[in-house]
2 protein chains.
Amino acid sequence: MSENVDSILGDQASVPAAAEFARRCRDVGLADTPQRRVIFAALTSSKDHPSAEVLHGRVKERLPRISLATVYRNLSLFVEKGLVDGVATASSHARFDANPHKHHHLICKSCASVTDVYSAAYDALGVDRLESGGFEVQEIKVTGYGLCPRCKTKETNDA
Amino acid sequence: MSENVDSILGDQASVPAAAEFARRCRDVGLADTPQRRVIFAALTSSKDHPSAEVLHGRVKERLPRISLATVYRNLSLFVEKGLVDGVATASSHARFDANPHKHHHLICKSCASVTDVYSAAYDALGVDRLESGGFEVQEIKVTGYGLCPRCKTKETNDA
DNA sequence: TTACGAATGATAATCTTTCCTAATCCGGTG
DNA sequence: CACCGGATTAGGAAAGATTATCATTCGTAA
């Protein structure tokens, strides 16, 4: 493991950033590995929103032997632990409904079930409260993540 | 094509529903095919939010020869045309950022680019305006879909 | 430094999308 | 109401993307 892991962030920032990352890993119960340092650093220095594959390409410049699976695995872990933010753009692994009324969704983090919800308060805000920088917003989706009633009681009993 | 396409919805409802579906297809420029009728009917009669694969299983009871690709293709078309609603539950085809500030996303329907946005108005509403039926909401994501500045000017020129 | 649990890399399995060709749908005609 | 022609669609297979598995290596705390 001889690559200079930190230089992605630039040499001044690298040492504090590495220490900060190590601390955040410890906080959420993840080991501080070179691969994770590089993945996180590459994402931090990305201005776009790269996909796992694109990020893998960037990371490989520093760690040529890193596996694509490692990138997928850790991005997903980072999202789960709240270290990074993920957006699903395409329809993959999607779930569908034909409910014709305007509604939003609640997704259970534990069992992945989906529930329809209605919220006049959110609908009232509308599109223009989210527009910025010339982006024309046509539709807004609000999604809540948490625990469905069934999983909530289950978690309580486990603890 | 001898299967009884409409009976999924029950015999009383079937005839009006079929005509209604044909009309909606015409409105959005899609041909009215047996496969689409069955897919849509199966989704309409589903109380859960089935995935493409699950729905394919249900549809196959009526059209045993229907291809999984057809189900994926048409669900995606239905979402695009607004006939049904889709939710991305897993991380597939996801895009990532390490922006540590609370933010939401704008997704361009044309080029799929992702932009960060901040909205005090939406953040102010908070979690409880979306809770219902005992679901414990821990986090809310607001996503806007539309046209980014670059694609907006492009569309204008095309038309 | 050691020992144990966790993470990586490689590959296989799974899921989703795309491509290509033959069949089907739709509007206008006879 | 059956038929024709152009455009759209379905099926099947192949490509692409994501996830799971497993032996080996690594990180961490004592």
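Quantities reported herein were computed from a predicted structural model and do not represent experimental measurements.
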Hey, is the side chain of [X] poking within less than 4.0 Å of OP1 or OP2 on [N], counting only N and O atoms?
{"X": "A:Thr70", "N": "C:dG9", "answer": "yes"}
{"X": "B:Arg73", "N": "D:dA10", "answer": "yes"}
{"X": "B:Asn74", "N": "D:dT9", "answer": "no"}

Min side-chain heavy-atom separation [X]-[Y] under 4.5 Å:
{"X": "A:His104", "Y": "A:Lys102", "value": "yes"}
{"X": "A:Cys148", "Y": "A:Leu106", "value": "no"}
{"X": "A:His105", "Y": "A:Arg95", "value": "no"}
{"X": "A:Ile39", "Y": "A:Phe78", "value": "yes"}

Has the side chain of [X] got a donor or acceptor atom that lies under 3.5 Å from a matching backbone atom of [Y]?
{"X": "A:His56", "Y": "A:Ile66", "value": "yes"}
{"X": "A:Glu136", "Y": "B:Leu147", "value": "no"}
{"X": "A:Arg129", "Y": "B:Tyr122", "value": "no"}

In terms of the nearest nucleotide of DNA chain C, which residue is placed more toward the 5' end: B:Glu53 or A:Gly29?
-> A:Gly29

Rounded to whole Å, please give me the gap between [atom1] in [X] and [atom2] in [N].
{"X": "B:Arg23", "N": "C:dC26", "atom1": "CZ", "atom2": "C1'", "result": "18 Å"}
{"X": "B:Leu77", "N": "C:dT17", "atom1": "CG", "atom2": "C1'", "result": "13 Å"}
{"X": "B:Leu75", "N": "D:dT9", "atom1": "CG", "atom2": "C1'", "result": "15 Å"}
{"X": "A:Ile66", "N": "D:dC26", "atom1": "CD1", "atom2": "P", "result": "14 Å"}
{"X": "B:Lys60", "N": "D:dA10", "atom1": "NZ", "atom2": "C1'", "result": "15 Å"}
{"X": "A:Ile39", "N": "C:dG9", "atom1": "CD1", "atom2": "P", "result": "9 Å"}
{"X": "B:Leu68", "N": "D:dG11", "atom1": "CG", "atom2": "P", "result": "11 Å"}
{"X": "B:His56", "N": "D:dG11", "atom1": "NE2", "atom2": "C1'", "result": "10 Å"}

Criterion side chain to side chain contact (heavy atoms under 4.5 Å, CB included) on A:Leu75 and A:Val71, from CA distance to verdict | CA-CA 6 Å; A:Leu75 282 173; A:Val71 175; 3.8 Å; yes

Between protein and nucleic acid, restricted to nucleotides 27-30 of chain D and to nitrogen or oxygen atoms under 3.5 Å apart, what atom pairs and distances do you find?
residue, atom, partner, partner atom, Å
D:dT28, OP1, A:Asp32, N, 3.4

Closest to the B:Tyr72 side chain, choosing from D:dA10, C:dA10, C:dC15 | C:dC15

Kindly give the heavy-atom pair with the smallest separation between B:Ser46 and B:Leu55, and that separation in Å.
-> OG-CD1, 4.3 Å

Return the minimal non-hydrogen interatomic distance between A:Thr44 and B:Ala98, and the atom names on each side.
-> OG1-CB, 3.9 Å

Short N-O contact, B:Arg36 and B:Asp32, less than 4.0 angstrom = no

Five pairs at each end of the helix from C:dT1-D:dA30 to C:dG30-D:dC1: take the axis at both ends and give me the angle between them to 10°.
-> 40°

Between protein and nucleotides 1-7 of chain D, what N or O pairs are separated by less than 3.5 Å?
none

Would B:His101 and B:Asp116 count as a side-chain hydrogen bond (donor to acceptor under 3.5 Å, both in side chains) if you check the C-alpha gap in whole Å, the side-chain angles of each, and the deciding distance to 0.1 Å?
-> CA-CA 10 Å; B:His101 304 102; B:Asp116 290 347; over 6 Å; no

